K.L.:
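I am attaching a structure below and will ask some questions about it afterwards.
Keep in mind that what you see is a predicted model, and the values were worked out from it rather than measured. One-based numbering, in listed order, for ligands and for the atoms of each. Each residue takes its place number in the sequence, starting with 1.
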Amino acid sequence: MGLRQRRRRRKLPDRTLAKKQSAAAAGVAKETGAQGESCRDVTNEYCTRIRGLVKELLKGVSESLGLVPCYLEKASELETGLQILIENLYPPCPQPELVMAMPPHSDHGLLTVLMQNNLGGLQVKHNGKWVLVNPLPNSFLVNTGNQLEILSNGKYKSMLHRAVVNDQSSRISIAIANGPSLGKAIAPAQQLVDSEHPPAYCEMTYREYVEFQQRNCLDGKSCLDLVGLSNV
Ligand SMILES: O=C(O)CCC(=O)C(=O)O
Ligand SMILES: [Fe+2]
């Protein structure tokens, strides 16, 4: 067998393999491309619908504060508001008591809409104690955020919360944080401010607030503690 033939022989299977590999890669890319596209479409639609839900919820919240129904939507420029999609996967842990899945924090936006796979793990701070929130099947859980607390001049509190793991099953939570438009200056609603209820928070744009929060190590405290007018 000559060198040429040997080369060819050796090359043949390689080429076939390369061909097969590139065909497979193209198939995978095509599939991933299609999946990626449909994932993007579904995510976009989900975010849009959640914004619609938040708009409705904010109407009720505005009314509960004695404000016109569209107050919070307009005051936050919700239509162009910042939406953040957060996907959390918490695998089971053999020693859950040694692990903090998500450290204590409060969400910086208006309302966070959370979907979870029917496994408890979220805890909220209530009267100084951590309380486990039992998930209700087929329901969303809605957390109030810092910007809602500011706009309502402290009438709606944003709760400190955290997530813990368990030693049995994986927990999944998907949160969409809905905030004001980044450039919008947020301050307590004038109608909720009077001599008995002075403004509890200083005005700042949502962008300034988020940057402030990212710059500060809050150690389980709400960023609001730092921007409250009693502290500035
Ligand atoms: O997983 C959870 O239940 C909490 C998630 C959460 O607080 C967040 O993503 O901001
Ligand atoms: Fe959160």
Side-chain angles (χ1 to χ4, degrees), residues 39 42-44 46-51 53-54 57-58 61 72 76 78 81-93 95-152 154 156-180 182 186 201 206-207 209-228:
C39 178
V42 169
T43 306
N44 270 339
Y46 184 57
C47 289
T48 305
R49 288 189 182 218
I50 290 293
R51 178 172 278 153
L53 171 68
V54 168
L57 290 172
L58 287 181
V61 175
L72 290 170
S76 61
L78 184 74
L82 180 72
Q83 266 190 321
I84 306 173
L85 175 74
I86 307 139
E87 294 169 358
N88 304 303
L89 170 67
Y90 308 102
C93 172
Q95 290 178 289
E97 65 285 355
L98 300 182
V99 174
M100 183 49 61
M102 186 171 289
H105 65 282
S106 61
D107 297 345
H108 50 65
L110 296 156
L111 295 174
T112 302
V113 180
L114 186 88
M115 178 164 65
Q116 47 193 326
N117 64 337
N118 290 335
L119 281 175
L122 177 69
Q123 296 184 335
V124 295
K125 193 110 187 231
H126 182 63
N127 292 338
K129 287 195 178 129
W130 287 108
V131 179
L132 194 66
V133 181
N134 285 326
L136 298 173
N138 304 317
S139 69
F140 289 124
L141 189 141
V142 181
N143 268 329
T144 46
N146 299 159
Q147 302 305 302
L148 187 58
E149 184 164 337
I150 296 175
L151 283 161
S152 69
Y156 274 82
K157 301 286 182 214
S158 47
M159 300 285 273
L160 266 189
H161 56 280
R162 66 181 191 181
V164 295
V165 280
N166 69 76
D167 56 2
Q168 302 293 320
S169 331
S170 284
R171 175 168 179 266
I172 296 172
S173 72
I174 300 178
I176 297 194
N178 300 270
L182 277 171
I186 302 293
Y201 308 100
Y206 185 39
R207 177 181 279 108
Y209 186 90
V210 173
E211 285 173 358
F212 183 77
Q213 194 197 42
Q214 306 293 311
R215 272 201 310 272
N216 286 277
C217 172
L218 297 172
D219 195 23
K221 290 188 93 188
S222 165
C223 183
L224 282 175
D225 294 345
L226 302 180
V227 302

K.L.:
Applying a heavy-atom cut-off of 4.0 Å, say which part of Leu114 lies close to ligand 1: side chain, backbone, both or neither.
P.N.:
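Under 4.0 Å from ligand 1, Leu114 contributes side-chain atoms alone.
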K.L.:
Among the N, O or S atoms of Asp107, which one sits nearest to the Fe ion (ligand 2)?
P.N.:
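Among the N, O or S atoms of Asp107, the one closest to the Fe ion (ligand 2) is OD1.
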K.L.:
Using a 4.0 Å cutoff against the non-hydrogen atoms of Tyr90, which atoms of ligand 1 qualify?
P.N.:
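So the atoms of ligand 1 that pass are 1 (O), 2 (C), 4 (C), 5 (C).
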K.L.:
Can a donor-acceptor pair be found, under 3.5 Å and without considering hydrogens, that links the side chain of Gln83 to the backbone of Cys47?
P.N.:
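Checking the backbone N and O of Cys47 against the side chain of Gln83, a donor-acceptor pair under 3.5 Å is found.
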K.L.:
Might you confirm whether atom CG of Asn44 has over 12 heavy atoms from other residues, nucleotides or ligands at distances under 6.0 Å?
P.N.:
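Yes - once you tally the heavy atoms of other residues, nucleotides and ligands closer than 6.0 Å, there are more than 12.
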K.L.:
Would you mind running through ligand 1 and noting each atom that sits below 4.0 Å from a heavy atom of Asp107?
P.N.:
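Under 4.0 Å from Asp107, ligand 1 has these atoms: 10 (O).
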K.L.:
Check step by step if side-chain contact (heavy atoms from CB on, under 4.5 Å) holds for Leu114 and Asn143.
P.N.:
CA-CA 8 Å; Leu114 186 88; Asn143 268 329; 5.5 Å; no
K.L.:
Taking atom 9 (O) of ligand 1 as the point of reference, which of Leu85, Asn88, Ile176 owns the nearest heavy atom?
P.N.:
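It is Asn88 whose heavy atom sits nearest to atom 9 (O) of ligand 1.
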K.L.:
Angle subtended at the Fe ion (ligand 2) by NE2 of His105 and NE2 of His161, to 10 degrees?
P.N.:
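Taking the Fe ion (ligand 2) as the apex, the two atoms subtend 90°.
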K.L.:
Give the residue, atom name and distance (to 0.1 Å) of the protein heavy atom nearest atom 6 (C) of ligand 1.
P.N.:
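I find the closest protein heavy atom is Met102 SD, 3.4 Å.
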K.L.:
Let me know which of Val131, Leu122, Leu141, Val133 forms a side chain to side chain contact (heavy atoms under 4.5 Å, CB included) with His161.
P.N.:
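Per the side chain to side chain contact (heavy atoms under 4.5 Å, CB included) rule, the option paired with His161 is Leu122, out of Val131, Leu122, Leu141, Val133.
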K.L.:
Check whether any side-chain N or O of Asp107 sits under 3.5 Å from a backbone N or O of Gly109 as a donor-acceptor pair, and report yes or no.
P.N.:
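Looks like no, no N/O pair under 3.5 Å.
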K.L.:
Using 0.5 Å steps for rounding, measure from the OH atom of Tyr209 to the CD atom of Gln214.
P.N.:
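Going from OH on Tyr209 over to CD on Gln214, the span is 10.5 Å.
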K.L.:
My understanding is that only one of Ser169, Ser173, Ser170 makes a side chain to side chain contact (heavy atoms under 4.5 Å, CB included) with Tyr90; could you say which?
P.N.:
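The side chain to side chain contact (heavy atoms under 4.5 Å, CB included) with Tyr90 is passed solely by Ser173 among Ser169, Ser173, Ser170.
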K.L.:
Identify, by atom number and element, the atoms of ligand 1 in contact range of His161, meaning under 4.0 Å from any of its heavy atoms.
P.N.:
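Close to His161: 7 (O).
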K.L.:
For atom 3 (O) of ligand 1, what's the nearest protein heavy atom and its distance?
P.N.:
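Going by distance alone, atom 3 (O) of ligand 1 is nearest to Arg171 NH2, 2.8 Å.
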K.L.:
Looking at ligand 1, would His105 count as a contact under a 4.0 Å heavy-atom criterion?
P.N.:
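His105 counts as a contact of ligand 1 under the 4.0 Å cut-off.
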